[in-house]
Amino acid sequence: MPHLYLVDGSGYIFRAYHRLPPLTNKHGEPVGAVYGYTTMLWKLADDLHKADGPTHMAVILDKSSTTFRNQMYDQYKAHRPPPPEDLVPQFPMIRDATRAFSLPCIEEEGWEADDLIASYAKAAMAQGWQVTIVSSDKDLMQLVEDGSLDMLDTMNNRRIGEAEVVEKFGVGPKQLGDVLALMGDSVDNVPGVPGVGPKTAAKLIQEHGDVEGVLAAAPEMKKGKLKDNLIEHAEAARMSRRLVALACDVPLQVPLDDLMLQGIPDAPLRAFLDHHGFKSLMNRLGQVADAPVPENASVPLEEDPPCDHAAYETVVDEAALDRWVQVARHQGWIAIDTETTGTDATRADLVGVSMALHPNLACYVPLGHGGNDLLSETPVQLDRNLALAKLKPLFEDPAVLKIGHNLKYDMVVLGRCGIDVAPHDDTIVMSFDLDAGLHGHGMDELAATHLSHSCIAYKDVVGTGKSQRGFHEIDLDAATRYAAEDADVTYRLWKRFKARLPAEGATRVYEMVDRPLVPVIARMERRGIKIDREKLSALSADFAGQLATLETTIHGLAGAPFTIGSPKQLGDVLFEQMGVKGGRKGKSGVYSTDVNELTRIAADKDSPGAEIAARVLDWRELAKLKNTYTDALQDEINPETGRVHTSYSLTGAQTGRLSSTEPNLQNIPIRTETGRQIRDAFVAEPGNVILAADYSQIELRLAAHMADVPQLRDAFANGDDIHSLTAMELFGEVNRDTRGRAKTINFAILYGISRWGLAGRLDVSADEAQGMIDRYFDRFPGIRNYIATTTEFVREKGFTQTLFGRKTHFPRIRSKLQHERQGAERAAINAPIQGTSADIIKRAMVRMEPALAEAGLGHVRMLLQVHDELVFELPEGDVEAAKPVIERVMATAAEPAVVLSVPLAVEIGTGASWGAAH
DNA sequence: GAAGTCACG
DNA sequence: GACGTACGTGACTTCG
């Protein structure tokens, strides 16, 4: 008897996309879902000759986005997010794959794949055929009929018959449509009846037969929300019933008999596999019948065995390394880690590489141990260049996923060795996207939290203080235990996070924002930025002279020398010895001498401390600039490159922002004229210029969008001055004073305002501040609503989300201490706005290099990111061509995933230095 | 290592 | 009645 297999191609690729590693092929195209799809077809082809196997087969795909259901209900599937960016190019490849297997591919304008599947299935059954639908779509389960139609879920190799449908939904296939209608579907935007989920729906349909039966019985039900909802939403329920019904009478485009399997011709399939570099599949061509398909990367969370340090291998000969490389190639993924002589990736030397293929299947490849008198002799190890030459093709193989913990570091180190690691997954970023705000993301902490494993401490290997040694001085056994464990633990963490990402809704931000950013940041760190050492050193000398003069003056005013840099001593001098009034002590009993306090004293001409306070403020400004910038930055110049290389942390700021360390290049002075001079020391190479592009008021724009404030939206759309508008709304007139206050209030709103905080900033009473806040909320009710909605959400869920789905957790929202709760609340109000802004500039960074390359601007180098600003170095001649590209990429960075109701404005400047570019 | 201060968005 | 007062960072100095 003919047996027709109908493959739900569209449904499959979405699931495959989320469950498989994000592989790319040798052309750099993302092919994770395509690979999964190909292995599935392969699996089906294996059944070809079995008794119950397919005789006819077709793949059904979705073609159009609008169908008859949209005419019925314009909101149908209206809120579906667009498919992930790296999935979109895979859709046409799915068709290529299908053709490579010589299978018919059926898609039709105006119909969903489900309707086509239903129509082909019914037609086949009418002729007495067997039908199997390869899908796990719940709507399709309405078609299941024991004896003639079943479903096959290839991901877990499960057959679905009537019993399985009953088990899952409480009713059989015939009544499933009624249950689905009452439940509704938030993804497809089928409304259903509010308050009715799968359990209630099943119970109602069991009792009353179908939707009409339930609605008819509603007036007789006992009083309650359910009854009210059924009556009130009766029409929605009826429409939902029509929405979930499958059309079974679509005219068949391809006659059933034409779906007969022809066998799989070798050549096109070989060409397809070769094009994508699916080597493991290629190897199996010709032995289809008995070859097991490589398991996919979705690994169940079975308990792993404890880490066994004795099982780790030290790889010191060619054959052993070849073996590891080969197995990695076959498997398709591998965890890696590098050991180096230091912590600065742009300077440290590579000492060894560790790899893990499976729990406890890990090794260490020493490459630079010994060569000093602490080890009696240089241990036997592979020649560094030879080993790197063997690792390079593996680390660059588009069909092998490289997994690392903080892989950015390894990318920088290996990049300096001529190896471009790709494709990749990074467990530190995965952890951050899942659990930001809950805990740190260092490997030791994650191993303790998720694996109940305490990692060998680095300091136990290399020691501390004077006796601390470099990793290259560690004997190979100890080095192997430590290094291989890191790769092993990384592998174990990856399996868990990989499963959690889709389950917890974090795949979107990981795949669209943070994962692709890792190599971009690695390249920025490697490039560094040129610093004019002489300029800095001249500033240092200038500042030193001024500081010496100030010091003499201050000591003279105080009547005796003291340490100006000591807040404790300064407080004593001001408030005890000189008798300044109104000193405020903090909880440690030290007088506050911060900028607010000193400014207050300096402004009071009658105070005995006015003069000294003013001089200390000058001294503080110069001391800060000299110590933190003009002196320190000179020491940060890398002798090899002559440039300064910061390190960005992708997991440092809870909101999703980057942070910058060693040195921090995100807090270079700009607000005072003296400080600004330091920016003039950040320069371009000869023949080049610095270009700085920054988003104008991005957070306020996002607030206007997210809180839906029409006046603010219009003002941004018209290019009006936003603080003047706020001043007009709040105070009825615009002048310097009201505009300044309005600006303060606008920012205060973004940070979760309190009447006391605002009162302090504006120097008004708390009551007056409260009046302004009330007025603000009355003029912009969307803001009040945003704050209420956000705080309700965070109290209930414990986290906030950005427009791209980035979560930030706030465990303190449930603290029993009121001030902790309130602090968490303010941070939660700010997090979606600051975080969305971070998501947007990150997407701009991810897209920048390809966009520049496409425009023939390969010499434009992105160097720095400062939250809402990107800094580039480029040949003078490229400036005019680069500006519109950079502007466009930044302004459209949210799209198409998020469509904003405000424009994003970008301001661009250029000059010989960073200072001149502003 | 904590506290205080101050540089940035 | 105490808490502590605007969000997010990192670096430097002093001091115990």
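Sequence lines set the chain letters: A, B, ... in the order given, protein chains first and strands last, and positions in each chain run from 1.
- In this structure, Arg826(A) does not reach the dT5(C) phosphate: none of its side-chain N or O atoms is under 4.0 Å from OP1 or OP2.
- Side-chain nitrogen and oxygen atoms of Asn667(A) include none within less than 4.0 Å of the OP1 or OP2 phosphate oxygen of dG9(B).
- Pairing for dG10(C) is with dC6(B), a Watson-Crick or G-U wobble pair whose two hydrogen-bonding atom distances lie under 3.5 Å.
- Proximity of Ser566(A) to the phosphate of dC15(C): a side-chain N or O atom is located under 4.0 Å from OP1 or OP2.
- Residue Thr563(A) places none of its side-chain N or O atoms closer than 4.0 Å to OP1 or OP2 of dT14(C).
- The partner of dC3(C), taking Watson-Crick or G-U wobble pairs whose two distances both stay under 3.5 Å, does not exist in any strand shown.
- Within the 4.0 angstrom heavy-atom criterion, no nucleotide atom of any strand lies near Gly760(A).
- Here Ser837(A) lies out of heavy-atom contact (under 4.0 Å) with every strand.
- Distances shorter than 4.0 Å separate some side-chain N or O of Thr593(A) from OP1 or OP2 on dT5(B).
- Of the candidates Arg657(A), Lys842(A), Lys408(A), Lys842(A) is the only one forming a salt bridge (Lys or Arg N to Asp or Glu O under 4.0 Å) with Asp514(A).
- Rounded to whole Å, the separation between the C1' atoms of dC6(B) and dG1(C) comes to 34 Å.
- Across all strands shown, Glu869(A) has no heavy atoms under 4.0 Å from either base or sugar-phosphate atoms.
- Across all strands shown, Ile670(A) has heavy atoms under 4.0 Å from sugar-phosphate atoms exclusively, and none from any base.
- Classification of Arg784(A) and Asp778(A) as a salt-bridged pair holds, one side-chain N sitting under 4.0 Å from a carboxylate O.
- Residue contacts shown for Val595(A) are limited to sugar-phosphate atoms, with no base heavy atom under 4.0 Å away.
- Atom P of dC3(C) sits at a distance of 15 Å from the matching atom of dG4(B), rounded to the whole Å.
- Using a 4.0 Å heavy-atom cutoff across all strands shown, Ala632(A) reaches sugar-phosphate atoms only and no base atom.
- One finds no side-chain N or O of Arg620(A) lying less than 4.0 angstrom from the OP1 or OP2 phosphate oxygen of dG4(B).
- Residue Thr744(A) is in base contact, counting any heavy-atom pair closer than 4.0 Å across all strands shown.
- Closest approach of Ala916(A) to Gly911(A), counting heavy atoms only: CB-CA, 4.0 Å.
- Distance Leu700(A) CG to dC7(C) P: 17 Å, rounded to the nearest Å.
- Note on Ile668(A): only backbone sugar-phosphate atoms sit closer than 4.0 angstrom, heavy atoms only; bases stay farther off.
- The shortest distance between the side-chain N/O atoms of Gln569(A) and the OP1/OP2 oxygens of dC15(C) is below 4.0 Å.
- Residue Gly823(A) is out of contact with every strand shown, counting any heavy-atom pair closer than 4.0 Å.
- In this structure, Glu662(A) reaches the sugar-phosphate backbone alone: every heavy-atom distance under 4.0 Å involves primed, P, OP1 or OP2 atoms, never a base.
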